[in-house]
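In what follows, a structure is listed as structure tokens, so that the remarks can point back to it.
Source: prediction; values computed, not measured.
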Number of protein chains: 2
Amino acid sequence: MDLPAPRLRPARATLLSLAQSAGVSVSTVSRALRGDGRISPATRKRIDALATEAGYAPNAMARTLLGGRSGLIGLVLGPMHNPFYPALLEELVTQAAERGQRLVILHAGEGSMEDRTAQALLQYQLDGCIVTSAVLPSRIATICRENAVPLVMVNRVAREHGTAVCCDNAEGGARLADWLLDAGHARHAVVGGHADTSTSLDRERGFVARLAERGHALALRFDGGSTREGGWAAGTRIAAMPPEERPDAVFAVSDGMAMGVVDALRAGSVPVGEAGGVSVVGFDGVAAALRPPYELTTILQPLRAVVGRGLDLLLARMEEPDRPEEVVMLRGTLHVGRSARRPVGWGI
Amino acid sequence: MDLPAPRLRPARATLLSLAQSAGVSVSTVSRALRGDGRISPATRKRIDALATEAGYAPNAMARTLLGGRSGLIGLVLGPMHNPFYPALLEELVTQAAERGQRLVILHAGEGSMEDRTAQALLQYQLDGCIVTSAVLPSRIATICRENAVPLVMVNRVAREHGTAVCCDNAEGGARLADWLLDAGHARHAVVGGHADTSTSLDRERGFVARLAERGHALALRFDGGSTREGGWAAGTRIAAMPPEERPDAVFAVSDGMAMGVVDALRAGSVPVGEAGGVSVVGFDGVAAALRPPYELTTILQPLRAVVGRGLDLLLARMEEPDRPEEVVMLRGTLHVGRSARRPVGWGI
DNA sequence: CATGCTTGCGCAAAGCTTTGCTCAAAGTGC
DNA sequence: GCACTTTGAGCAAAGCTTTGCGCAAGCATG
């Protein structure tokens, strides 16, 4: 017998090694481990014990090669400075694991994706791809389409096509407008996000439309660039305005920016959420925004549901590639905090 | 052990399909694509063109099966509410890609890792594992050790053993102490993080030790729990103290907490970084902390270098599993912002 | 012309699992 | 005792790449 090729790794348990210890064939071990009824309980028990002792883990590579699924999902992450995305990531990892899938990060951050990176999608036989980035890297979309790899967008929607799950952003924006109007606010400002993300635009659009329906116009608009600093800059300018010109309500289209606005107002000694001050509302419901010192009035995204539906949609498209594309909008919940004045008579 | 149903993927190009179109053998295609010198330029050119046209991507699963490396690295992420971790993640993804590796997320967040998740490490033949979580999930460490999978900790160090890369936390803490003392601060407070993370403890220890060396004692200590809210709570208590008892310098052991402290002080109308106010310093140098409204004086972690060394160490251990364990400490840089009073005569 | 070296490429095995078939032994009914 | 079903398990192929070895043709040398 010739020497086996020098392996870097110490030999792990395989079906073959288990079969040899158990004195049965490889196929018997495979079937025993997978719970095939044709194997007698005695044999199965013996093999199970052996496998546990040897710390056997089936080789996913070999399994995938047989034409099954890899159990791997590609993930394209957007810029991480918006605190919503880290939360989304955590939830995605957890729920993917619950469904027996792992996430392979294809990209994170603002830069564009390298070609070599996109190739990984094919090399590793990824079962599908989730894009949470607000800016859709169209390269990955093309590759997915050409190779029939299902792709689902989470927290964003492409205008033309594609499957997506997101919060009903326009409705949330409208709900916030109602809330502010009901509380008697008269001069409204918006701090917008990236101009090219459906999410930011829809929130703003829903807000402004509801304002208009109820006979109000937007008094002021700032570009917050979807960053906390952008919010702070807007808040600083608001704080610097003479009180009579100052908006009494500010809708920052994401909590990150809203927190920045609050910080700036407070730094400028403008009270937040009190009569005579400025009311600030946000969107997303990230943990930090709900707690002191912010206690934002905001729209709570149903994060668990958004992620769950996203993954389910992706899994469904794996089974049934010709499924029609669909866009799922989940309604958020108005969370009443202390950052905005409340309608008279509300609560207590 | 649930196996996904076998599904027929649309046939992708394989070496075999390319070989048939080119009228050569599979091995010739393989060698041509890999640039083996034995293939004539003419043949290679023809095959290259064919491969490009067919969008061929080598099957990483098959390649891995041959005993080579998978090109996959497992990643264990800590709780994402500390803004340092999202930044670390971005950098990791980028640099892993530069080295031709992908990251598979094994775990994110505070919860403990499920066994099934840990199994993925073996099933997918991961080449190595990076643990950035401050709290080392010992389960994964055990699995790595038993299966000779290299593991590198980034931004944390285990007391007993293991390979790790981190900022020189104690030295950074000491540098901050010097800076505050040089500027004439007299009453020092620390806002600490998790009691069980080496990173937080080392920073605090280095700070207090230098204070002691120079004849000062720590006046006050708060537990900030490594969260921004924890920092805010500490800042609130500081703001509520009578000015004569109040510390004039606060070291929050991470920027996230430091920002919370600053917010709370300002909300309590305590000036930050000015004479007669409170100086606040942090640690990490996350982007948000460097910009307005915080402009923190802090220790800049050499993030790119930390990640780079971490990956290099991991790759080195793949080649040479018996390499001695090592701990690499990279020195941070003092970044002078506006959140702390400066020594007289400094600058200008 | 015989021999030997290059050049260029094919053969086949290995790596690990899953699964359709095949097959032997044991059990059942008459 | 015989034919037949059930039970339990093995054989072998497939899935895709990589790579050691072999082989044929072309060319130069003696």
So what does [X] touch, heavy atoms closer than 4.0 Å: a base, only the sugar-phosphate, or nothing?
X	value
A:Ser27	base
A:Thr14	sugar-phosphate
B:Ile39	sugar-phosphate

Result for 5'-nearest mapping on DNA chain C, choosing between B:Gly23 and A:Leu65, is B:Gly23
All heavy atoms of A:Leu315 vs all of A:Arg99, minimum pair found to be CD1-CD, 3.6 Å
Heavy-atom nearest pair, B:Cys166 first then B:Arg156, reads CB-N, 4.0 Å
Rounded to whole angstroms, how far apart are [atom1] on [X] and [atom2] on [N]?
X	N	atom1	atom2	result
A:Met61	C:dT18	CE	P	14 Å
B:Arg44	C:dC9	CZ	P	10 Å
B:Asn59	D:dA14	CG	P	17 Å
A:Tyr124	D:dG15	OH	P	23 Å
B:Gln20	D:dC16	CD	P	11 Å
A:Arg46	D:dG8	CZ	C1'	12 Å

Phosphate OP1/OP2 of [N] contacted by [X] side-chain N/O (<4.0 Å):
X	N	result
B:Tyr56	D:dT17	yes
A:Ser40	D:dT7	no
B:Arg63	D:dT18	yes

Rounded to the nearest 0.5 Å, the CD1 atom of B:Ile47 sits from the OG1 atom of B:Thr52 at a distance of 11.5 Å
Taken to the nearest 0.5 Å, the spacing of B:Met153 CE from B:Leu313 CG works out to 10.5 Å
Side chain of [X] only, please: which of [options] is the nearest?
X	options	answer
A:Arg34	C:dG15, D:dT18, C:dT19	C:dT19
B:Ala62	C:dG10, C:dG15, C:dC16	C:dG15
A:Ser30	C:dT18, D:dC21, D:dG8	C:dT18
A:Leu66	C:dT17, C:dT19, D:dT17	C:dT17
A:Thr28	C:dC16, D:dG10, C:dA12	D:dG10
A:Ser25	D:dG10, D:dC16, C:dC9	D:dG10
B:Arg38	D:dG10, D:dG22, D:dC16	D:dG22

**Asked** Is A:Arg12 paired with B:Glu146 through a side-chain N to carboxylate O contact shorter than 4.0 Å?
**Response** no
